[in-house]
**Student:** 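Have a look at this one.
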Amino acid sequence: MQELERQYSPSQWSERHSSGEVIPIHFEKAKERSETARQTVLCRQDVVYDDALPRGLLDVYGEDLPKGAPVVLYVHGGYWQELDKGVSAYLVPPLVKAGRAVGVVVGYDLAPAVSVADIVVEVRKAVVWACALACGRGSVGVVLAGWSAGAHLITQATLMFTVNQGFHGQGNPDVTVNQSCHCQGNPDVTVNQCCHGQGNPDVTVNQSCHCQGNPDVTVNQGWPRPRQP
Ligand SMILES: N[C@@H](CC(=O)c1ccccc1NC=O)C(=O)O
């Protein structure tokens, strides 16, 4: 295993749990804390941001915060192939309770039912939706956050020229996307060095497409997601 790949894999270095336990425990905690978020924070669920695809839905948390509060949009990970918004609201309670931000937790369709390029388009629509929300609230700005595959998706979605047109061309010059957080590191490095380098033939990286601002990852039909040993 390459050193970088090891660093991106908590299952390989956790001191609290054995390598086989880390990911199941993460899933369990993520689910539990997302349920807590829905029980403790005002939540508007299943808002349609993209009616072209069935999972183009998002949940908005903490809309009772002061109007100017920033909007944090979060895109979950899962190798473009798994997880969902319902188990991905764990970041919401600390943000909302501290009065820091309204949370937008994005759901999206998964490969191989749709391509990664389709997901990028979907996430781009969610970003535009969040900007419109921020604009309507008089928010100070939008923060884009993503974990793992989600970090790749927001990067790819916002690299696209058309996203800028979406933000500014809609006559919303007062909303700026002022931060983006890529949890679990630079998504290009993750994709190149971890997924591909790991010998997982289900993820193909196309550097030259990436340079053109096109989705740089394709998930091939019929392959399972990478699993830890
Ligand atoms: N490779 C990581 C796990 C990981 O990245 C991951 C695990 C479950 C669901 C999503 C993950 N990552 C990105 O989509 C590890 O072994 O700790």
Side-chain angles (χ1 to χ4, degrees), residues 1-35 37 55 58 72-92 105-124 126-127 144-159 180-206 210 215-229:
M1 179 181 282
Q2 292 175 9
E3 175 54 17
L4 249 174
E5 182 188 335
R6 196 190 67 78
Q7 289 180 19
Y8 282 126
S9 292
S11 65
Q12 303 305 306
W13 46 254
S14 169
E15 291 178 3
R16 278 184 295 170
H17 305 293
S18 70
S19 70
E21 287 171 338
V22 170
I23 293 172
I25 289 174
H26 169 77
F27 285 167
E28 190 187 305
K29 297 284 175 204
K31 187 165 178 256
E32 221 173 82
R33 288 175 195 187
S34 298
E35 277 159 13
R55 283 209 196 193
L58 52 79
V72 172
L73 172 141
Y74 180 66
V75 181
H76 69 78
Y79 293 99
W80 306 274
Q81 294 162 80
E82 61 180 18
L83 301 181
D84 60 61
K85 66 178 172 57
V87 298
S88 307
Y90 36 80
L91 83 167
V92 161
V105 180
V106 178
Y108 55 87
D109 287 83
L110 301 174
V114 298
S115 70
V116 173
D118 290 333
I119 306 174
V120 170
V121 172
E122 215 170 2
V123 168
R124 194 191 315 150
V127 171
L144 305 178
W147 170 53
S148 198
H152 162 264
L153 289 167
I154 56 167
T155 304
Q156 211 52 66
T158 51
L159 272 178
S180 79
C181 316
H182 305 142
C183 313
Q184 245 194 351
N186 178 321
D188 292 335
V189 175
T190 309
V191 168
N192 289 329
Q193 309 247 347
C194 299
C195 299
H196 199 53
Q198 215 171 355
N200 289 315
D202 58 338
V203 177
T204 317
V205 176
N206 186 336
H210 181 60
D216 61 340
V217 181
T218 337
V219 177
N220 299 321
Q221 296 264 350
W223 289 94
R225 76 182 268 288
R227 274 283 171 207
Q228 301 314 308

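Bear in mind the structure is a predicted one, so any value in this text is a computation, not a measurement. Counting convention: from 1, in listed order, for ligands and their atoms alike.
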**Student:** Using the rule given for side-chain contact (heavy atoms from CB on, under 4.5 Å), can you reason through Leu58 versus Leu73, listing the C-alpha separation, both sets of side-chain angles and the distance that settles it, and then say yes or no?
**Tutor:** CA-CA 10 Å; Leu58 52 79; Leu73 172 141; 5.8 Å; no
**Student:** Which ligand 1 atoms, with their elements, are less than 4.0 angstrom from a heavy-atom of Gly77?
**Tutor:** 14 (O)
**Student:** Does ligand 1 have any atom that is closer than 4.0 Å to a heavy atom of Phe27?
**Tutor:**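 In this structure, Phe27 qualifies as a contact of ligand 1 - some heavy atom is under 4.0 Å.
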**Student:** Can you find an N or O of Ser9 that's nearer than 3.5 Å to an N or O of ligand 1?
**Tutor:** yes
**Student:** Just distances here: any N/O of Gln12 and N/O of ligand 1 closer than 3.5 Å?
**Tutor:**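 No.
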**Student:** Under a 4.0 angstrom heavy-atom cut-off, which atoms of ligand 1 come close to Gly78?
**Tutor:**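 So the atoms of ligand 1 that pass are 10 (C), 13 (C), 14 (O).
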**Student:** Working note: Val116 + His152, criterion side-chain contact (heavy atoms from CB on, under 4.5 Å); need CA distance, chi angles, decisive distance, verdict.
**Tutor:** CA-CA 10 Å; Val116 173; His152 162 264; 3.9 Å; yes
**Student:** Output all residues satisfying side-chain contact (heavy atoms from CB on, under 4.5 Å) with Val87, sequence neighbours left out; order by chain, then residue number.
**Tutor:** Lys31, Leu83, Asp84
**Student:** Side-chain contact, heavy-atom cut-off 4.5 Å: His76 with Tyr108?
**Tutor:**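 The answer is yes, as the side chains (C-beta and beyond) meet within the 4.5 Å cut-off.
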**Student:** Does Val22 reach ligand 1, in the sense of a heavy atom lying below 4.0 Å from it?
**Tutor:**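 No, Val22 has no heavy atom closer than 4.0 Å to ligand 1.
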**Student:** Could you tell me, atom by atom, which parts of ligand 1 come under 4.0 Å of a heavy atom of Ser148?
**Tutor:**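 Those atoms are 12 (N), 13 (C), 14 (O).
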**Student:** Mind checking the OH-CG spacing from Tyr79 to Leu110? Nearest 0.5 Å is all I need.
**Tutor:**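 Result: 14.5 Å between the selected atoms.
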**Student:** Test your reading of the structure: does Pro10 have an N or O sitting under 3.5 Å from an N or O of ligand 1?
**Tutor:** yes
**Student:** Under 4.0 Å from a heavy atom of Ala149: give me the atoms of ligand 1 that qualify, with their elements.
**Tutor:**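 Within the 4.0 Å cut-off of Ala149, ligand 1 contributes 13 (C), 14 (O).
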**Student:** Working note: Leu153 + Trp80, criterion side-chain contact (heavy atoms from CB on, under 4.5 Å); need CA distance, chi angles, decisive distance, verdict.
**Tutor:** CA-CA 9 Å; Leu153 289 167; Trp80 306 274; 3.9 Å; yes
**Student:** Looking at ligand 1, does any of its N/O atoms fall within less than 3.5 Å of an N/O of Trp147?
**Tutor:**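 No, no N or O pair falls under 3.5 Å.
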**Student:** Of all residues at least two apart in sequence or in a different chain, which pass the side-chain contact (heavy atoms from CB on, under 4.5 Å) check with Glu32?
**Tutor:**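 With sequence neighbours excluded, Glu32 shows a side-chain contact (heavy atoms from CB on, under 4.5 Å) to Glu28, Lys29, given in chain and number order.
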